[in-house]
Protein chains: 2
Amino acid sequence: MTKDENSGKRPTLKDVALAAGVSVATASYALNDVGSVGGDTRRHVLEVAARLGYRPNLSAKAMRTGKTSAIGLILPDLTNPFFPALAQNVVHAARESAYSVFVTDTQGSPEAERAAAQALIQRGVDGLIWFPINDEDTLAELTGGLPVLVLDRDNPRHDLIQIDVDSGGRMAAERLIRAGHRRIGVISGPTDVRSSRQRSESSAEVLRRHDALAWHLHNAYSFDLEPAVAAAVADGSATALCVGADLIALGAINTLRQRGLRVPEDISIIGFDNIPYGALAFPGLSTINIPVEEMGIEAVNTLLRRIAKPTESRRRLVFDVTYVERGTVAPPPAP
Amino acid sequence: MTKDENSGKRPTLKDVALAAGVSVATASYALNDVGSVGGDTRRHVLEVAARLGYRPNLSAKAMRTGKTSAIGLILPDLTNPFFPALAQNVVHAARESAYSVFVTDTQGSPEAERAAAQALIQRGVDGLIWFPINDEDTLAELTGGLPVLVLDRDNPRHDLIQIDVDSGGRMAAERLIRAGHRRIGVISGPTDVRSSRQRSESSAEVLRRHDALAWHLHNAYSFDLEPAVAAAVADGSATALCVGADLIALGAINTLRQRGLRVPEDISIIGFDNIPYGALAFPGLSTINIPVEEMGIEAVNTLLRRIAKPTESRRRLVFDVTYVERGTVAPPPAP
DNA sequence: CCTTAAAAATGAAACGTTTAATTAAAACAA
DNA sequence: TTGTTTTAATTAAACGTTTCATTTTTAAGG
């Protein structure tokens, strides 16, 4: 009573052992439920630990075991509306397993990506969830044997969680065809990333097959359309748009509105990503949904499995996308 | 050469010391630039460390010093569009000072808030940046002497970073008055949080003074308007709306559109928060901007200062807001 | 050249755990 | 009873740092 909870400091394992009248080793075994400890002793130790409010010092544990039960999440840009939901689910899923998450944002620069990874590795994270900014294997020399899960990219060395973008691109194109459109423009997002390119390429392919591809341009990942794109969008050459990213699609809607065109009466639009903005627009943006929430959860599951079994064979998980109909698709206007 | 970089494992301080032909102590002093080490020796140690690619083991360092150079960021909800920018800037500012950030999201539950804090404290974070979900001091018994910075709330025990919401509420009301409106409705966000309540109350107060307050309702923080609010908004009783949160404001615009009313021709709207969605809407949402980026940066600065000087007197920083004009304010329609 | 002070370098303890190796105690078989 | 096995508990080393107390070396002063 007077000796136990004194000293103001957080109680250490030694304090627990002392108070319980056992050795530090026994206390450790009891608390971790390993080794051979008598039933009575175990209960007693647990009880004392609870009474003292003992919390193991994770730094010490980490140093001894080499495991921090922390993981790192490396994202290109937190303010990109696609990522917060992903991060949220990663954090939650990790918490379920008593892992904490260092979140890092690399602002689109490979150097920042490397710096972030370095810092995390030095901190001793048990694994990394990495959404690379491009197709390069930027972290190749850094990671050593560290478990890494790569999102939405290809990588020969790591577990992968990907999206069936082809099917998404096709769905969008087919939906517009089915609505009766025959002059459809395609706007792709960044072309330096394969998964992004493919979205639009598979759209374009479908459209070509139906002889319905009006044009295929591309635009940076941004709400603002580049002049050439803005022009094409509004010059009447297409009655519908298949856009590789919601943010660009919203930008397109904006441009059209500014030029007095109506969506979807004059021109139909389908986006890709299902970012939260889309549901808030008026009319709501029809788009291809990516199950980010599940991806986040599955990312930590897969990573934790890899941490537990480093030698298991590499995994590659592909998530299906779905078309979500809102208000931006209609039949083409009568000529 | 053959002895140094062998063993596959990351080199430890001992390896560096050995390779440099000095004691571990000297190596430590040299690398940390403390103690008395001869110039030549210091340079030599540094050089060897670099050659071996030595990185201090932060877990060990943490255990020895009790400092992890990690901080925790506790937010209510990452998918709330207000927070990603904050988180991003916290992460960046922290990185500048070689700190890493555990990000956590409490989903609006005080228990989750406590659990998150517990976990972080157990991890030994050097401090916490905390955006509480309500006005309660949920973490009161947990934090002990740990440096904590509280955002957008009041708290008697911690450093504070707040927003001059009163002035924001007034600005919005005055702008609408200035545009000529005389029947203005106020929609406040959650009323259980003082900083949120005040936004709308100071709007209402200004309007009352001008005898221009049509009504004052409130709505959950959500895009969907509650029936009573939706009705009031569209029944012609107000020619302008002063809304305590952008998300609700966008919901209001949506409701109005669905009922065939135009913004701003029929009804003007001003929001609060300046969430990124607002700029993307058509027309862009006029709103009160909160400098989240600066707040994030200042939060880590203040927290780090507190970590360095735990006894310094408590700080309270109040950020100014600004009105940002976009497209949702116009004179009232002629009757 | 000797003494003393200052500077540089070192040895070893400590931080809070885990865990291998060891000993002590209890249970069992003969 | 006695030896043997099983079970329970302990001792002590180790993880990679920092840092105090000490020793060794160098420089300074006479």
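As the structure is a computational prediction, the values presented were derived from the model and not from experiment. By convention in this document, chain letters (A, B, ...) are assigned in the order of the sequence lines, proteins followed by strands, and residues within each chain are numbered from 1.
At the heavy-atom level, A:Thr41 lies under 4.0 Å from the strands shown only through sugar-phosphate atoms. Nucleic acid contact class of A:Val34 (heavy atoms, under 4.0 Å, all strands): none.
With rounding to whole Å, B:Lys14 atom NZ is found 12 Å from D:dT17 atom C1'. Here the C1' atom of nucleotide C:dC15 and the CZ atom of B:Arg64 are 6 Å apart, to the nearest Å. A straight line from CE of A:Met63 to P of C:dC15 spans 12 Å, rounded to a whole angstrom. If you take CZ of B:Arg123 and P of C:dT17, they are 14 Å apart, rounded to a whole angstrom. Rounded to an integer number of Å, the gap from CG of B:Leu31 to P of D:dT17 is 9 Å. Spacing between atom NZ of B:Lys9 and atom C1' of D:dG16 amounts to 14 Å, rounded to whole angstrom units. For A:Arg10 and C:dC15, the CZ to P distance is 15 Å, given to the nearest whole Å. Between the C1' atom of C:dA9 and the NE2 atom of B:His44 lies a distance of 15 Å, rounded to the nearest Å.
Relative to the side chain of A:Ala25, the nucleotides D:dT11, C:dG16, C:dA8 differ in distance, and D:dT11 lies closest. Distances from the side chain of B:Leu13 to the nucleotides C:dT17, D:dT18, D:dA9 place D:dT18 closest. Across D:dA9, D:dG16, C:dT19, the shortest atom-to-atom separation from the side chain of A:Tyr29 is found for C:dT19. Closest approach to the A:Ser28 side chain among D:dT10, D:dG16, C:dT18 is made by C:dT18 (side chain taken as heavy atoms from C-beta onward).
For B:Asp137 and B:Arg157, the salt-bridge test passes: some basic side-chain N is under 4.0 Å from an acidic carboxylate O. Between B:Asp15 and B:Arg10, no side-chain nitrogen of the basic residue sits less than 4.0 Å from a carboxylate oxygen of the acidic one, so the salt-bridge criterion is not met.
Residues A:Val103 and A:Leu78 meet the side-chain proximity criterion, which asks for heavy atoms closer than 4.5 Å. The shortest side-chain heavy-atom distance between A:Ser195 and A:Arg153 falls under the 4.5 Å cut-off. A heavy-atom distance below 4.5 Å is found between the side chains of B:Leu120 and B:Leu128.
The side chain of B:Thr65 contributes no N or O atom lying less than 4.0 Å from OP1 or OP2 of D:dT17. The side chain of A:Thr26 places no N or O atom within less than 4.0 Å of a non-bridging phosphate oxygen (OP1 or OP2) of D:dA9. Put simply, B:Asn57 has no side-chain N or O that comes within less than 4.0 Å of OP1 or OP2 on D:dC15. Under 4.0 angstrom from either OP1 or OP2 of C:dC15 there lies no side-chain N or O belonging to A:Thr12. One finds a side-chain N or O of B:Tyr54 lying less than 4.0 angstrom from the OP1 or OP2 phosphate oxygen of D:dT17.
In this pair, A:Trp130 and A:His158 present their aromatic rings perpendicular. The plane angle is above 60°, beyond the 30 to 60° band.
With 3.5 Å as the limit, one finds a donor-acceptor pair spanning the side chains of A:Thr68 and A:Asp126.
For A:Ser36 and D:dA8, a side-chain-to-base donor-acceptor distance below 3.5 Å is present, hydrogens and geometry of angles not being considered.
The 12-atom threshold is not exceeded at CZ of B:Arg194, counting heavy atoms of other residues, nucleotides or ligands nearer than 6.0 Å.
Nearest-nucleotide positions on DNA chain D place A:Val37 closer to the 5' end than the other of B:Lys61 and A:Val37. Take the nearest nucleotide of DNA chain C for A:Ala60 and for B:Ser23: the residue whose nucleotide is more 5' is B:Ser23.
Rounded to 10°, the helix from C:dC1-D:dG30 to C:dA30-D:dT1 has 50° between the axis fitted to its first five pairs and the one fitted to its last five.
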